[in-house]
Structure formats: C-alpha cells, structure tokens
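Quick note: residue numbers are just sequence positions, from 1. All ligand and atom numbering here is 1-based and tracks the order in the structure.
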Amino acid sequence: MTIEADIERIPRRRTANGSQRAVLRAEANLPVNGKVMRVMVFGLTGIDGARAEEVVALVNSRDPTAVPLVRVHSACLTGDILGSQKCDCGDQLKVALRQIQVRPHGMLLYMLNHEGRGIGLTQKIRAYALQDGGDNTIEANLNLGLPVEARDFIAAAEVLHLLNSDTIDLLTNNPLKIEGLETHGVTVRHRVPIQGDLTEQNAQYLLDKDQRMGHIGALPAHYLQGPKATQDVS
Ligand SMILES: Nc1nc2c(ncn2[C@@H]2O[C@H](COP(=O)(O)OP(=O)(O)OP(=O)(O)O)[C@@H](O)[C@H]2O)c(=O)[nH]1
C-alpha cells in the first residue's frame with residue numbers, strides 16, 4: 001500500500017496527545033540528489049482548531065512495511081541554508097538525506113518551529129551575539145532569560161503516527177529527542193548516530209553538546225586524542 005493510500009485511510013485517527021492533530025495539507029514528488037522523494041506538508045492544529053505549526057516530511061518509501069529510518073531535523077536557517085560553520089546542522093541534514101535515500105523506507109521531518117532549539121531565529125541570533133562575547137551555547141540562552149532547550153516533539157510524533165510510523169530507527173546523538181518522541185507514543189527501536197562536519201568554529205559547540213547537554217558522540221572521538229589527530233580539522 002502506498003503512503004498516500006495509508007493517509008487516506010486514517011484521517012480521523014485519534015491523536016496520541018489529544019491536544020494537537022496533524023493533517024496532511026499538500027504533497028508532491030520532489031527530485032532530491034537524483035532520487036524522487038515525496039514531499040508532504042502537515043499542519044498541526046490545536047484543540048481549539050487554531051493552526052499551531054507546519055511540519056515538512058520528505059519521504060522515501062520503496063517498502064512502507066519496513067521500519068523507517070527517520071531524521072527529526074530541527075530548523076537551522078544559519079546552518080541548513082546559509083552554510084554556517086558555527087554548528088553541524090547543515091552537514092547533518094545532507095548526511096541524513098543520503099542515509100534515508102538508501103534505506104527501503106525513510107523520512108526526514110523538517111521541524112520549522114524548532115529554530116534555535118525552539119527559541120526562534122531572532123533569539124538565536126541574540127544568543128550568537130552573546131557567544132561572540134564568550135558565552136557558550138548554554139550560557140547564552142540563560143543570559144537571555146530563555147531555556148537552554150525549548151523544543152517539544154509532539155508535532156513530530158503526531159506526523160509519525162499519521163504516517164503509520166509508530167516504531168522507527170532515529171538518526172540522532174541526542175537522547176532528549178528519543179525521550180521526547182517516546183513520551184508521545186513513538187518507539188525508537190535503534191538510535192543511529194549521525195556525524196556532521198567538524199570545523200574549528202564548531203568544535204567547542206560539539207564538545208559542549210557532549211559534555212554539558214548529554215549528547216552522545218557529537219564530537220568525533222579522534223578530536224579528543226590530541227593535536228596530531230586534529231590536524232585535518234578544516
Ligand atoms: N539557541 C541555540 N540554538 C542553536 C545553537 N546552535 C544550533 N542551534 C539550533 O539547535 C538546533 C539543532 O539542535 P542540536 O542540539 O544541535 O541537535 P539535535 O537536533 O538536538 O540533536 P541531533 O539529532 O544529534 O543532531 C537547531 O534548531 C539549531 O538552529 C545555539 O548556539 N543556540
């Protein structure tokens with residue numbers, strides 16, 4: 001059965017959360033890296049019917065019965081679009097898409113509301129300004145009076161439920177993301193590590209993710225083995 005047919009079958013599915021419901025608003029074919037994928041736009045509506053947010057899914061589905069490899073990617077305008085080397089987001093996006101395309105079933109959920117770990121673009125750039133002055137990624141958020149982590153994974157979970165993907169393999173180094181999805185009824189069968197580019201500019205950020213934010217292996221192990229091993233850092 002195709003994904004489109006599956007979606008047709010379950011428009012009135014009860015939500016896992018009760019408070020938000022994902023609705024497929026539009027879909028089309030999209031050629032990406034030489035392969036045709038399916039792009040879908042989901043709208044999340046709150047309990048009062050108010051439109052809450054949009055989520056984009058990019059789906060490769062040669063075998064919809066297989067457990068999908070999923071990347072829940074938090075929007076990062078600076079990294080994903082502008083090519084910033086301050087974070088690893090843009091590179092992770094490319095790596096994730098390549099891996100999803102070679103699996104029989106896979107999907108990337110692009111979380112538009114997650115920009116800046118949920119604080120939004122303006123506040124993220126304000127946080128970057130504080131980082132220019134010496135704050136790390138955690139201190140900068142806190143000094144703005146904002147949480148270090150402001151994302152939730154309700155919308156992602158709702159879209160996965162609607163796509164009949166209650167059990168997934170997840171591309172992430174972030175245990176919070178797994179917890180966030182599992183809280184909302186998605187089972188993460190395997191965590192699949194994902195490595196972006198290491199640059200001089202993002203090394204400290206990746207170290208902070210591992211050492212202060214509980215990520216697993218965001219910074220490649222060889223970086224910690226001394227200057228010789230890091231000579232090829234671009
Ligand atoms: N507030 C803030 N957000 C940032 C910063 N650098 C990147 N981001 C945002 O962080 C989000 C990506 O989150 P990460 O914690 O890097 O990675 P993750 O998606 O949680 O974990 P992985 O799945 O392992 O990649 C994106 O929304 C980026 O815009 C920063 O210094 N401050």
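Of the N or O atoms in G116, one or more lie within a sub-3.5 Å distance of an N or O in ligand 1. Not a single N or O atom of A127, backbone or side chain, sits closer than 3.5 Å to an N or O atom of ligand 1.
Paired with D169 under the rule side chain to side chain donor-acceptor pair (under 3.5 Å), one option of Q99, R103, H105 passes, and it is R103.
Of all atoms in ligand 1, listed by their number and element, those nearer than 4.0 Å to a heavy atom of E115 are 27 (O), 29 (O). Per-residue contacts place R71 under 4.0 angstrom from the following atoms of ligand 1 (heavy atoms of the residue considered): 19 (O), 22 (P), 23 (O), 25 (O). Close contacts between ligand 1 and Q131 involve ligand atoms 30 (C), 31 (O), 32 (N) [criterion: under 4.0 Å to a heavy atom]. When each atom of ligand 1 is checked for a heavy atom of K177 under 4.0 Å away, the hits are 18 (P), 19 (O), 20 (O), 21 (O), 22 (P), 23 (O). Near S74, with a cut-off below 4.0 Å to any heavy atom, the atoms of ligand 1 are 11 (C), 26 (C), 27 (O). Each of the following atoms of ligand 1 lies closer than 4.0 Å to a heavy atom of Q92: 25 (O). Contact atoms of ligand 1 toward H114: 27 (O) (distance under 4.0 Å to a heavy atom of the residue). Residue N141 has at least one heavy-atom neighbour below 4.0 Å for each of these atoms of ligand 1: 1 (N).
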| request: Decide yes or no on side chain to side chain contact (heavy atoms under 4.5 Å, CB included) for M107 and L163, but give the supporting numbers first. | output: CA-CA 10 Å; M107 60 194 74; L163 289 169; 3.6 Å; yes
| message | Run V72 and T172 through side chain to side chain contact (heavy atoms under 4.5 Å, CB included) and show every step you take. | response | CA-CA 8 Å; V72 176; T172 189; over 6 Å; no
| message | Before you tell me yes or no, could you show the steps for V32 and V39 under side chain to side chain contact (heavy atoms under 4.5 Å, CB included), namely the whole-Å CA-CA distance, both residues' side-chain angles and the distance that decides it to 0.1 Å? | response | CA-CA 10 Å; V32 179; V39 64; over 6 Å; no
| request: Carefully, step by step, assess S61 and R38 under the rule side chain to side chain donor-acceptor pair (under 3.5 Å). | output: CA-CA 8 Å; S61 187; R38 198 83 185 148; over 6 Å; no
| task | Starting from the C-alpha separation in whole Å, work towards a yes-or-no answer on side chain to side chain contact (heavy atoms under 4.5 Å, CB included) for Q204 and N136. | result | CA-CA 8 Å; Q204 185 61 50; N136 65 34; 5.9 Å; no
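A75 O, 2.7 Å is the protein heavy atom nearest to atom 27 (O) of ligand 1. For atom 15 (O) of ligand 1, the closest non-hydrogen atom of the protein is H215 CE1, 3.4 Å. When hydrogens are left out, the protein atom nearest atom 13 (O) of ligand 1 is R151 NH1, 3.4 Å; that is the closest non-hydrogen contact. Closest protein heavy atom to atom 8 (N) of ligand 1: Y205 OH, 3.8 Å. For atom 4 (C) of ligand 1, the closest non-hydrogen atom on the protein side is R117 NH1, 3.7 Å. Considering only non-hydrogen protein atoms, atom 17 (O) of ligand 1 sits nearest to K209 NZ, 3.4 Å. Counting protein heavy atoms only, atom 30 (C) of ligand 1 is closest to T137 OG1, 3.2 Å. Shortest contact from atom 21 (O) of ligand 1 to any protein heavy atom: N174 CB, 3.4 Å.
Hydrophobic clustering (side-chain heavy atoms under 4.5 Å, transitive across Ile, Leu, Val, Met, Phe, Trp, Tyr) groups F153 together with M111. Grouping the Ile, Leu, Val, Met, Phe, Trp and Tyr side chains by contacts below 4.5 angstrom, directly or via other members, places V23 apart from V159. Cluster annotation: I194 and L170 are assigned to distinct hydrophobic clusters (Ile/Leu/Val/Met/Phe/Trp/Tyr, side-chain heavy-atom contacts under 4.5 Å, transitive).
Put simply, CG on L121 and CG on L77 are 5.5 Å apart, with the number rounded to the nearest 0.5 Å.
The heavy atom nearest to atom 22 (P) of ligand 1, out of those in T172, N136, L144, L176, is found in T172.
Annotation: side chain of K86 is not in contact with side chain of T78 (no heavy-atom distance under 4.5 Å).
The aromatic rings of Y110 and H73 sit parallel, their planes meeting at an angle under 30°, below the 60° perpendicular limit.
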